[in-house]
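What follows is one structure encoded as structure tokens, with my remarks underneath.
Proteins come first, then strands; the chains are lettered A, B, ... in the order of their sequence lines, and each starts at number 1. Treat the numbers as computed from the prediction; the structure is a model and nothing was measured.
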2 protein chains.
Amino acid sequence: MPTIHDVAKKAGVAPITVSRVINNSGYVSEKVRNRVNQAVDELGYVPNILARSLKSKRTNTIALVFTDITNPFFNFMARGVEDSASDAGYNVIFCNTDESSDQESKYVKLLLQKQVDGILLVPADTRSNSIQLIQDQKTPLVVIDRCVSNKNVDIVRGDSEGGAYLLTKHLIDLGHRRITLFSGPEAVSTSQDRVKGYKRAMENHGLSKFVDCYYGKFSRQSGIDLTKSIFSKENSPKPTAIFAANNLISVGILAELRNLGIKVPQDVAVCSFDGIPENLTVIPFLTNVAQPAYKMGQKATEILISRIKEKPEPSTDFEEIIFPVELTIRESSGGKIG
Amino acid sequence: MPTIHDVAKKAGVAPITVSRVINNSGYVSEKVRNRVNQAVDELGYVPNILARSLKSKRTNTIALVFTDITNPFFNFMARGVEDSASDAGYNVIFCNTDESSDQESKYVKLLLQKQVDGILLVPADTRSNSIQLIQDQKTPLVVIDRCVSNKNVDIVRGDSEGGAYLLTKHLIDLGHRRITLFSGPEAVSTSQDRVKGYKRAMENHGLSKFVDCYYGKFSRQSGIDLTKSIFSKENSPKPTAIFAANNLISVGILAELRNLGIKVPQDVAVCSFDGIPENLTVIPFLTNVAQPAYKMGQKATEILISRIKEKPEPSTDFEEIIFPVELTIRESSGGKIG
DNA sequence: TGATAATATGGTATCGATATCATATATCAT
DNA sequence: ATGATATATGATATCGATACCATATTATCA
């Protein structure tokens with residue numbers, strides 16, 4: 001592959017002059033500029049950004065370290081990240097951790113070695129030690145979707161607590177009292193926050209004694225398993241409404257209820273945190289509160305890039321941006337048929 | 001940030017010795033090794049892979065240039081790519097082109113400058129000029145999902161033609177004659193191949209005069225629009241079965257049919273190329289032929305990485321791997337209720 | 001007209017690592 | 001004891017670009 005030296009020789013100038021032409025910096029006469037451009041074309045020269053990055057200390061690459069691209073919520077978030085990054089001239093490296101802290105820190109170490117300009121992180125654990133690693137290297141970082149115990153980070157997330165409250169209240173307003181919550185992994189802040197919001201709503205409405213919630217996974221299978229276990233318990237009162245802490249869980253619940261011959265919403269109302277992607281939905285059916293995943297990805301990326309740009313003197317006051325959620329009432333909760 | 005020199009000075013050795021310790025190469029005495037490791041720890045040294053890559057000419061990064069991560073098929077493919085790459089020690093940069101050739105070549109140019117070790121490409125156009133760009137740089141390339149006019153590339157794709165034939169034959173076997181196909185963009189080989197398979201099946205069964213197919217987009221909206229237009233034509237016979245060339249189109253069809261009060265499968269049978277992701281499905285309903293998206297991503301990545309490794313003397317005989325599709329018969333085609 | 005600024009180009013050092021070659025000591029077989 | 005081999009460490013050049021400083025030419029203006 002030809003280098004800047006080859007181009008320089010061919011054009012009869014110094015390498016630095018070629019550099020000026022390529023980067024449109026400094027002074028170059030029209031005549032020389034043309035000669036250089038011609039040489040570039042003839043040789044099929046492609047500048048080596050690696051070498052440039054080594055000198056300039058900027059790679060124009062950021063990384064998104066998150067749980068799983070096949071989860072629709074993160075899927076749309078990822079797209080928001082990519083679009084926003086691409087607009088600003090950055091590429092994105094994607095890393096799936098599947099909620100494993102080990103995997104997470106393995107990725108983070110590698111990314112730091114690769115000198116990415118910044119990292120977007122959905123931490124697998126509330127006390128992620130990856131955060132420390134990243135901050136030790138003074139690499140800009142924005143945490144997405146989740147809270148962490150370390151407060152010295154920018155965070156972009158949805159209002160899990162408020163959303164859970166809203167959804168629970170919706171069910172209560174419809175007359176439900178025995179409302180069961182199927183949440184995600186206990187180590188994840190969104191799982192916890194959704195439990196908190198649910199409990200606050202129950203307590204505020206004098207339903208403390210009906211509080212009934214379970215931690216599990218953010219997966220379809222978890223929804224199936226929890227539903228099975230709840231409805232197979234003998235001699236125990238069954239819920240009249242189930243609140244799924246995410247969309248995959250809700251799909252599992254609906255599938256298993258159908259399997260058991262239990263009708264939604266007639267026998268049991270169901271609602272969910274996060275909906276099913278529109279482009280995969282035939283009939284909108286699921287009552288849910290939705291977070292603006294795409295916008296969250298965009299916003300987090302914008303913040304990250306602004307941190308990258310201010311890097312020499314990093315700011316010390318961190319932002320926590322909480323996106324409001326939106327309640328959509330549909331048939332599954334029996335609230336309104338829409 | 002400390003460099004290899006800082007570590008070397010602290011440990012009282014030469015930089016190259018530090019390099020040997022880090023990379024576990026060459027000979028280093030136990031004593032020195034310990035001193036070096038201690039210095040690494042104390043300084044929080046992180047090797048700069050950029051510098052290494054500049055010398056070694058390998059970045060351990062590949063790129064996936066495709067249409068859209070939010071499309072479920074590509075979504076699972078992407079996950080296959082990431083998993084497979086990660087196992088082999090590679091990171092993946094994702095680029096969404098949204099079927100735009102301009103966007104595609106913009107990304108490709110940047111990726112080549114970044115010296116990615118290889119590129120996985122879902123070309124937006126049958127005659128993608130990005131392919132030439134990539135091959136000029138002698139960067140390994142694997143085309144996924146689609147055919148291209150240039151035959152000197154490795155290709156990993158699904159059997160669109162065969163799958164379409166299978167699905168059409170299924171409908172014919174059920175007694176349908178007026179079968180309409182809603183395909184994707186005409187410039188995309190999978191759209192064309194699905195049309196071919198459909199036509200071959202129709203012709204083989206003496207149904208040439210019922211051939212009725214339309215190009216559109218691979219989107220839910222396209223399914224809605226085409227359905228509307230078909231069923232609003234007055235005085236023209238309506239299809240008894242619709243074949244959607246991808247899952248998003250099928251969702252649009254089902255949604256619009258429901259909107260029009262047309263029952264599936266009683267009034268119209270519907271089937272689709274590619275299904276709806278299982279983890280988002282409450283009741284499996286859609287008859288479809290599915291491609292193993294995840295495996296295709298894996299396989300393409302494996303081939304790419306093997307090409308990268310053989311790079312000094314690149315092979316000149318290219319592989320075309322065609323994954324078979326799997327027919328699943330469900331209620332939507334009225335074939336069998338399962 | 002001379003001084004100052006703007007324009008145009010190049011030389012050299014450097015980013016942080018590693019390849020290559022060189023050198024020095026320890027170990028071993030004969 | 002001697003040469004051969006394994007072990008251990010370092011000096012120097014280099015990957016491909018750019019930052020910084022230097023120099024030369026041309027333009028501009030008091």
(request) Please determine, for C/dT30, whether a Watson-Crick or G-U wobble partner exists with both distances under 3.5 Å, and give it or none. (result)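 Per the H-bond distance test, D/dA1.
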(request) Pick base, sugar-phosphate or nothing for B/V18, based on heavy-atom distances below 4.0 Å to the nucleic acid. (result) nothing
(message) Using a heavy-atom cut-off of 4.0 Å across all strands, would you classify A/A14 as base, sugar-phosphate, or nothing?
(response)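 If one applies the 4.0 Å heavy-atom cut-off, A/A14 turns out to touch the sugar-phosphate alone, with no base involved.
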(request) Between C/dA8, C/dG16, C/dT20, spot the one nearest the side chain of A/S29, thanks. (result) C/dA8
(request) Counting heavy atoms from C-beta on, name the nucleotide in C/dT18, D/dA17, D/dT9 closest to the side chain of B/K55. (result)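 So the nucleotide nearest the side chain must be C/dT18.
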Atom-to-atom span, [atom1] of [X] to [atom2] of [N] - whole angstrom:
| X | N | atom1 | atom2 | answer |
| --- | --- | --- | --- | --- |
| A/N24 | D/dA17 | CG | C1' | 17 Å |
| B/N23 | C/dA19 | CG | C1' | 12 Å |
| B/K9 | C/dA17 | NZ | P | 14 Å |
| A/Q113 | C/dG16 | CD | P | 15 Å |
| A/I4 | C/dT9 | CD1 | C1' | 14 Å |
| B/K57 | C/dA17 | NZ | P | 18 Å |
| B/R52 | D/dT14 | CZ | P | 22 Å |
| B/Y27 | D/dA6 | OH | P | 7 Å |

(message) Under a 3.5 Å cutoff, is there a donor and acceptor pairing between the side chains of B/Y294 and B/D83?
(response)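 Side-chain D/A pair, B/Y294 to B/D83: present.
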(message) Under a 3.5 Å cutoff, is there a donor and acceptor pairing between the side chains of A/T59 and A/Q115?
(response)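 Checked: A/T59/A/Q115 side chains show no N/O donor-acceptor pair below 3.5 Å.
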(message) By nearest heavy atom, map A/R20 and B/V28 onto DNA chain D; which one lands nearer the 5' end?
(response) B/V28
(request) May I ask you to decide whether B/D98 forms a salt bridge with A/R79, counting only side-chain N to carboxylate O separations under 4.0 Å? (result)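 So B/D98 pairs with A/R79 through a salt bridge.
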(message) With a 4.0 Å cut-off on N to O distance, would you call B/E99 and B/K217 a salt bridge?
(response) no
(message) With a cut-off of less than 4.0 Å, is there a side-chain N or O of A/S19 near OP1 or OP2 of D/dT18?
(response) yes
(message) Go nucleotide by nucleotide along DNA chain C from the 5' end; which of B/I16 and B/L54 gets its closest nucleotide reached first?
(response)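 Closest to the 5' end, via its nearest nucleotide, is B/L54.
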Contacts table for residues 41-52 of chain B: side-chain donor-acceptor under 3.5 angstrom, sequence neighbours left out:
unit_1: B/E42; atom_1: OE1; unit_2: B/K10; atom_2: NZ; d: 3.4
unit_1: B/E42; atom_1: OE2; unit_2: B/Q38; atom_2: NE2; d: 3.0
unit_1: B/N48; atom_1: OD1; unit_2: B/L50; atom_2: N; d: 2.8
unit_1: B/N48; atom_1: OD1; unit_2: B/A51; atom_2: N; d: 3.3
unit_1: B/R52; atom_1: NH2; unit_2: B/N23; atom_2: OD1; d: 3.3

